[in-house]
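In this chain, numbering begins with 1 at the start of the sequence shown. Just follow the structure's listing: the first ligand is 1, and inside any ligand the first atom is 1. Not measured: the values here are computed from a predicted model.
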Amino acid sequence: MTSTAANDGSRAQAQIGVTGLAVMGSNLARNLARHGHTVAVHNRSKAKTDVLIADHGSEGNFIPSESIADFVASLELPRRVLIMVKAGDPTDAVINELADAMEPGDIIIDGGNARFTDTIRREAAMRERGLHFVGAGVSGGEVGALEGPSIMPGGSVESYKSLGPLLESISAHVDGIPCCAHIGTDGSGHFVKMVHNGIEYSDMQLIGEAYDLMRRVLGYSAAEIAAVFREWNAGELESYLVEITAEVLDKIDPQTGKALVDVIVDAAEQKGTGRWTVQSALDLGVPVTGIAEAVFARALSGSRAQRAATRGLTGGDLPSADEALAGRDADAFVEDIRLALFGSKVIAYAQGFDQITAGSVEHNWGVKPVDLATIWRGGCIIRARFLNRIRDAYTENPELLSLILDPYFRDAVGGALGSWRRVVTTAVTLGIPTPGFSSSLAYYDGLRADRLPAALTQGQRDYFGAHTYERIDAPVGKKFHILWSEGGAEVEA
Ligand code: NBP
């Protein structure tokens, strides 16, 4: 261990500095040190720095500092500082303090969960001062931070040349390929991390619906459902979230001896990245229906007063589960649920990739979907076997208009439809909410439809607001209007 205070500013030997040494920052600092990098470490209050050095100082070369001035002085040029503090105002405060102490050409990296619009603003402000600002999405939670996260850095190409090798060295690796790649300029890294989290919301909601159906339709115990998820994890659904679902469902509450899931309050919380994803999708006009349903499902679950007041309202004349299953046995229904989950999950990723493409076009980022499919294969929360398939799909056709047009996914979704429709029908018949499964199926049916009722919507809009419409037999873009209250003739608008 080297834990030398670099107070005279003459020992500029650290390859990178980390400020903000709560769980994420200290684990990333340890990860960097374990990979042979000399790491300058700093925290607003000294206690966290002391704990890191006392508990883990032997894992590599750390240079602790108490002041920002000493911290910055302990870094080699160009200086690279990773900020891992609470997102929002604390991040701005730290950026400004660092910028005052740093010099043109130095690199400030924000690895927190910043909103991408804040990152765009911060990057512009730092560029004015000659500094590089890199908004880096980091996924994988605290374990990932220590053992290998998925890292999504934005910022200038020049900054990535200096920073990329360091970040790639500590990221997860799949088949020898790092789960870290330059995403694009300014806010692109935090944008794709945001959408990653949106997909994560959707995936978790779908898994929850699968669980709920096994519980309520088939009467399976938590342990029996854990076994099903474990089996699914050996196939095409293999993923981190399916894996941990089995672990959570198997967990026994030490206090009561019941399944832990049965003593946890059923009100899901959220920190905001799912909501941001949907807000951004609304701005971009991209239908991320699966993600939106997942965010709203959490909101509904958390409406505790309203739920207490409405619990027990009639569901109408409901059949029994046996009647709804209409002779299908439990194994057949479990297989239906597996396929409904797979089909819906494909839609979640398809919608997320659509949003990334739209955001990239809007902001001129040049994000390559294949890079995301590559770096999300390991380290992050949505890592899943089928990201290899998504990677293949975008390698084959970088301009893919929708993931469901790729032959593998087209066939996989097509093959799941019978089961998927049975699952949604059964759920509706029994009054069991499956907003993720249902909305994903409606999205698919909407996309594949020959005609949509949007024609009627356009007619209505023209009626009440003279908003005009296009005709199927006229050139694209040519607008028409009916003189509704003046005789009903059609005119060119
Ligand atoms: P927290 O989000 O809990 O932040 C605590 C850190 O922020 C401490 O080091 C604290 O210093 C520092 N801090 C605060 Br609060 N206000 C400050 C200020 N005004 N000036 C300087 N420092 C300030 O830490 P975390 O859970 O390790 O997460 C760090 C970042 O990583 C967050 O943006 C988070 O959203 C993101 N993230 C977290 C995860 C995860 O799984 N937890 C995953 C991916 C990304 P102090 O010790 O002096 O109070």
Side-chain angles (χ1 to χ4, degrees), residues 17-32 39-56 64-72 81-101 108-119 122 133-154 167 170-172 179-180 187 189-201 204 240-241 244 269-277 375-376 378-383:
V18 180
T19 181
L21 300 175
V23 61
M24 290 296 289
S26 58
N27 280 0
L28 284 167
R30 290 170 62 195
N31 188 349
L32 283 157
V39 188
V41 287
H42 170 268
N43 193 68
R44 175 178 62 174
S45 49
K46 183 172 172 285
K48 284 194 177 67
T49 315
D50 292 345
V51 169
L52 171 65
I53 297 303
D55 292 353
H56 304 288
S65 294
E66 269 189 59
S67 72
I68 283 281
D70 288 347
F71 173 62
V72 167
V81 173
L82 173 61
I83 302 174
M84 290 307 297
V85 304
K86 206 173 172 62
D89 291 343
T91 304
D92 277 314
V94 175
I95 290 170
N96 289 330
E97 202 182 349
L98 277 171
D100 287 343
I108 297 176
I109 310 123
D110 174 18
N113 267 337
R115 197 165 186 164
F116 79 95
T117 44
D118 285 339
T119 305
R122 290 165 180 155
F133 185 78
V134 173
V138 179
S139 178
E142 52 188 275
V143 174
L146 184 62
E147 295 178 357
S150 178
I151 311 178
M152 298 149 248
L167 296 183
I170 63 159
S171 73
C179 294
C180 171
H190 278 136
F191 181 86
V192 299
K193 170 63 177 13
M194 174 190 77
V195 178
H196 162 288
N197 285 22
I199 295 172
E200 176 186 311
Y201 272 59
M204 291 171 72
Y240 172 72
L241 283 171
I244 67 162
E269 296 179 1
Q270 44 188 318
K271 281 197 167 168
T273 43
R275 187 169 59 239
W276 291 348
T277 309
I375 68 175
W376 288 348
C380 68
I381 304 295
I382 65 168
R383 62 184 182 261

May I ask you to identify the nearest protein heavy atom to atom 35 (O) of ligand 1, giving residue, atom name and distance to one decimal place in Å? Asn113 CB, 3.4 Å

Any heavy atom of Thr91 under 4.0 Å from ligand 1? The part involved is neither

Does the cation-pi check pass for Arg122 over Phe133, that is, NZ or CZ under 6.0 Å from the six-membered ring centre and within 45° of its axis? no

Considering heavy atoms of the protein only, find what lies nearest to atom 47 (O) of ligand 1 and give residue, atom and distance to 0.1 Å. Lys48 NZ, 2.6 Å

Any donor-acceptor pair under 3.5 Å linking the side-chain atoms of Asn113 with those of Lys193? yes

Judged on heavy-atom distance to atom 12 (C) of ligand 1, which of Asp92, Val85, Val18 sits nearest? Val85

Taking atom types as modelled, is there a side-chain donor on Ser65 or Asp70 under 3.5 Å from an acceptor on the other? no

Going by the 4.0 angstrom heavy-atom rule, the piece of Val138 near ligand 1 is backbone

Determine whether the side chain, the backbone, both or neither of Val94 has a heavy atom under 4.0 Å from any heavy atom of ligand 1. side chain

His42 (side chain) donor-acceptor with Val72 (main chain) under 3.5 angstrom: no

Nearest protein heavy-atom contact for atom 9 (O) of ligand 1: which residue, which atom, what distance? Asn43 OD1, 2.7 Å

Check: Ser150 side chain, Gly140 main-chain N or O, donor-acceptor pair, under 3.5 Å: no

Tell me which one of Gly111, Ser45, Gly140 gets a heavy atom nearest to atom 46 (P) of ligand 1. Ser45

Is there a donor-acceptor pair closer than 3.5 Å between any side-chain N or O of Asn197 and the backbone N or O of Gly274? no

Closest protein heavy atom to atom 29 (C) of ligand 1, given as residue, atom name and distance to 0.1 Å: Met84 O, 3.6 Å

What is the nearest protein non-hydrogen atom to atom 5 (C) of ligand 1, stated with its residue, atom name and distance? Ala22 CB, 3.7 Å

Please determine if Lys193 has a nitrogen or oxygen closer than 3.5 Å to a nitrogen or oxygen of ligand 1. no

Considering only protein heavy atoms, which is closest to atom 18 (C) of ligand 1, and at what distance to one decimal place? Arg44 NH1, 3.4 Å

Numbering the atoms of ligand 1 from 1, which are under 4.0 Å from a heavy atom of Val23? 26 (O), 27 (O)

Under 4.0 Å between heavy atoms, the region of Met24 that gets near ligand 1 turns out to be both

Between Asn43 (side chain only) and Thr49 (backbone N and O only), is there a donor and an acceptor less than 3.5 Å apart? no

For atom 2 (O) of ligand 1, the closest protein heavy atom turns out to be Lys86 CA, 3.6 Å

